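These notes concern the structure reproduced below.
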Amino acid sequence: MLGPETISEELTPARRAALGELHLRRIDLADEVRVVSEAGYIGSATRREIEYARKKNKVISSVEPDLDV
């Protein structure tokens with residue numbers, strides 16, 4: 001199981017880009033992508049990852065039953 005990265009230092013543009021690529025590589029390795037949101041909010045980066053997972057024909061699910069992924 002692969003999970004999100006915990007970030008304890010400043011999120012610079014270079015670090016943000018590296019984490020974005022890391023998430024896409026994790027999607028490549030995954031059989032299923034499970035979306036976890038904070039109170040139903042899905043940001044632009046997560047939406048990009050969901051679209052990427054769709055293009056890769058990954059199963060997409062959500063921890064929150066009413067979340068539209």
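Both backbone and side-chain heavy atoms feed into the values below; hydrogens, waters and symmetry mates do not. Note that the structure is predicted; figures quoted are calculated from it, not measured.
Taken from OG in S37 to CG in D68, the straight-line distance is 11.5 Å, to the nearest 0.5 Å.
Under the salt bridge (Lys or Arg N to Asp or Glu O under 4.0 Å) criterion, E9 pairs with R15, not counting sequence neighbours. Qualifying salt bridge (Lys or Arg N to Asp or Glu O under 4.0 Å) partners for E64, counting only residues two or more places apart in sequence or in other chains: none.
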Derivation and outcome, side-chain contact (heavy atoms from CB on, under 4.5 Å), residues E49 and V35: CA-CA 10 Å; E49 293 161 4; V35 179; over 6 Å; no
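Minimum heavy-atom separation, L67 to G40: CD1-O, 3.5 Å.
Partner of I50 under the side-chain contact (heavy atoms from CB on, under 4.5 Å) criterion, out of V33, I60, I27: I60 alone.
Residue pairs satisfying the side chain to side chain donor-acceptor pair (under 3.5 Å) criterion with at least one member in residues 24-36, sequence neighbours excluded, are listed as follows: E5-R26, E21-R25, R25-D28, R25-Y52, D28-Y52, E32-R34, E32-S61, R34-S61.
For K58 (side chain) and A30 (main-chain N/O), a donor-acceptor pair under 3.5 Å exists by modelled atom type.
A chain of hydrophobic side-chain contacts below 4.5 Å, direct or via other Ile, Leu, Val, Met, Phe, Trp or Tyr residues, connects L22 to L11.
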